[in-house]
Trainee: 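I'd like to ask you about the structure that follows.
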Amino acid sequence: MPELPEVETIRRDLNAKIIGQKITAVEISAPRIVRPTLKKFKNTLIDASILSIDRIGKLLIATLDKKDIFLLIHLKMTGQLIYRDRNTIIAGGHSLFAQKFAHLPDRHTRVIFYFPNDAVLFFNDLRLFGYLQLVTSEELKIIKEKYGIEPLQKNFTLENFSAVLKNKTTSLKALLLNQNLIAGIGNIYADEICFAAGIRPMRPAKNLTGTEIKRLHSVCEKIIAKGIKHRGTTFNTFVDTAGQSGGFLRFLQVYGRGKLKCKKCPATILKIKIAGRGTHYCYRCQK
DNA sequence: CCTTGTGTTCTCCG
DNA sequence: CCGGAGAACACAAG
């Protein structure tokens, strides 16, 4: 479940590895995940170079050396981008490249990008939710406009954050997950943010006090920054571009801890369903 | 049947 | 009674 910190980790990795490299070939084994069409996708990308990789929310945006064309990559729930080149040292443990990806491609490899000097980027996805899409700058503009304010970005001010919560009857949890309002937060970080702020996730957003909103706003940035610092959370499938797990798992306070003892008090972490999502919280630490 | 990110569809309430 | 908010569903696979 890559969320903002996981996608940002991948973005930084890719920026260090594939910028300026020319795509020499593209192989697609799952045509349905590339857009607009298989033919257009291949024809456009072969011989193109990637100039930079940006991100909005959980969406990666690659700028190409082609006029008015951008490549969007969304990993959805189980997508992975794994890069390998001549300098890659394949071994286990904390080494550069995870052993379990040494034999890519495998049956979950959906798209392969080839670069000069035997460099390869694999798009792996257990399911077929993730996608790769070519868009024009006009289309990109429309897509970007739909995203809400994002933690650690300039627009994430207390004022803007308060305005997002104002008059919203929906639960805090649902609001945090709504990408049109706040970009980048998914199920894991939403639960962690609510816990860190000491606020129950089912509370109607409009009922939060000024103090709570201030605390929540601050905690959103702190948790997301900490997630990035530790290269994301690997709960199920997330890995970085070298196939390595994220380091934030050990900092999780509530996510995945249903029926276990709270890390801050003697109470038991509860797991319920809010907005159709598994939600973990401490009824004692969170009010 | 569970897991979840997001676009779409449906329902219901103010 | 209408519009919009919010819930529910669809997708996918293990």
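It should be emphasised that the depicted structure is a prediction, and the values quoted were computed from it without experimental measurement. Per chain, numbering begins at 1; letters A, B, ... match sequence-line order.
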Trainee: Output the rounded distance in Å from CD1 (Ile33(A)) to P (dC11(C)).
Mentor: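 So the two atoms are 18 Å apart, to the nearest Å.
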Trainee: Over how many whole Å does the gap from Ile56(A) atom CD1 to dG5(B) atom C1' extend?
Mentor: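 Checked: the CD1 to C1' distance equals 16 Å.
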Trainee: Take atom CG of Leu75(A) and atom P of dA13(C), then tell me their distance rounded to the nearest Å.
Mentor: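 The distance from CG of Leu75(A) to P of dA13(C) comes to 17 Å, rounded to the nearest Å.
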Trainee: Can you identify which nucleotide, out of dG5(B), dG6(C), dA13(C), has its nearest atom closest to the Thr170(A) side chain?
Mentor: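 Nearest listed nucleotide: dG6(C).
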Trainee: Would you mind telling me which residue lines up with the more 5' stretch of DNA chain C, Ser171(A) or Arg32(A), judged by nearest nucleotide?
Mentor: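 Closest to the 5' end, via its nearest nucleotide, is Ser171(A).
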Trainee: Mark yes or no: Arg35(A) above the aromatic ring of Tyr131(A), with NZ or CZ under 6.0 Å from the six-membered ring centre and no more than 45 degrees from the axis.
Mentor: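 Yes, cation above the ring, under 6.0 Å and within 45°.
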Trainee: Without decimals, in angstroms, what is the distance between Leu177(A) CG and dG7(B) C1'?
Mentor: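 Rounded to the whole Å, the gap is 15 Å.
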Trainee: Tell me whether the side-chain N/O atoms of Lys76(A) come closer than 4.0 Å to OP1 or OP2 in dA12(C).
Mentor: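 Answer no for this pair, as no side-chain N or O of Lys76(A) is under 4.0 Å from OP1 or OP2.
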Trainee: On the nucleotide dT3(B), are OP1 or OP2 found under 4.0 Å from the side-chain N or O atoms that Lys273(A) carries?
Mentor: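 Affirmative; the distance criterion is met.
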Trainee: Can you check the Asn180(A) CG to dG4(C) P distance for me, whole Å?
Mentor: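 In whole Å, dG4(C) P lies 16 Å from Asn180(A) CG.
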Trainee: Is Gly278(A) touching bases, backbone alone, or none of the nucleic acid, heavy atoms closer than 4.0 Å?
Mentor: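 Sugar-phosphate, no base atom in range.
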Trainee: Measure across Phe113(A) and Phe41(A) and return the closest heavy-atom pair with its distance rounded to 0.1 Å.
Mentor: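 Heavy atoms only, the tightest pair is CZ-CZ, 4.2 Å.
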Trainee: Would you kindly compare Lys271(A) and Gln179(A) by the position of their nearest DNA chain B nucleotide and give the one closer to the 5′ end?
Mentor: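 In this pair, the answer is Lys271(A).
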Trainee: Base, sugar-phosphate or nothing for Tyr255(A)? Non-hydrogen atoms, less than 4.0 Å.
Mentor: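 Touches sugar-phosphate only.
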Trainee: Quick check: closest heavy atoms across Glu212(A) and Asn207(A), and the distance to 0.1 Å?
Mentor: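 Answer, listing the atom of Glu212(A) first, then Asn207(A): OE1-O, 4.4 Å.
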Trainee: Measure the distance from NZ on Lys168(A) to P on dA7(C) and round it to the nearest whole Å.
Mentor: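 So the two atoms are 13 Å apart, to the nearest Å.
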Trainee: Under 5.5 Å centre to centre and under 30° between planes: does that hold for Phe129(A) and the six-membered base ring of dC11(C)?
Mentor: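 One would call Phe129(A) stacked on the dC11(C) base.
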Trainee: Side chain of Arg107(A) only, heavy atoms from C-beta on: which candidate in dG14(C), dA5(C), dC11(C) is closest?
Mentor: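 For Arg107(A), the side-chain atoms sit closest to dG14(C).
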Trainee: Among dG14(C), dA12(C), dG6(C), which nucleotide sits nearest the side chain of Thr169(A)?
Mentor: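 Minimum distance to the Thr169(A) side chain belongs to dG6(C).
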Trainee: Which nucleotide, dG5(B), dG14(C), dA5(C), lies nearest any side-chain atom of Arg277(A)?
Mentor: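 Comparing dG5(B), dG14(C), dA5(C) against the side chain of Arg277(A), the answer is dG5(B).
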Trainee: Which class fits the ring pair His217(A) and Phe156(A): parallel under 30°, tilted 30 to 60°, perpendicular over 60°?
Mentor: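 Parallel, since the angle between the ring planes stays under 30°.
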Trainee: If the cut-off is 4.0 Å, is His74(A) near the phosphate of dT6(B), judged by side-chain N/O to OP1 or OP2?
Mentor: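 Looking at the OP1 and OP2 atoms of dT6(B), one of them is under 4.0 Å from a side-chain N or O of His74(A).
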Trainee: I'd like the P distance from dT9(B) over to dC1(C), given in whole Å.
Mentor: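 About 26 Å, rounded to a whole number of Å.
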Trainee: Do Arg55(A) and Glu8(A) meet the salt-bridge criterion of a basic N to acidic O distance under 4.0 Å?
Mentor: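 Arg55(A) and Glu8(A): salt-bridged.
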Trainee: Tell me if a side-chain donor or acceptor on Arg257(A) pairs with a main-chain N or O of Gln253(A) at a distance below 3.5 Å.
Mentor: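 Pair found, side chain donor or acceptor close to backbone of Gln253(A).
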Trainee: What is the distance, to the nearest angstrom, from the NZ atom on Lys173(A) to the P atom on dG5(B)?
Mentor: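 Answer to the nearest Å: 9 Å.
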Trainee: Return whichever of Ala275(A) or Leu128(A) has its heavy-atom-nearest nucleotide of DNA chain C closer to the 5' end.
Mentor: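 Counting from the 5' end, the first nearest nucleotide belongs to Ala275(A).
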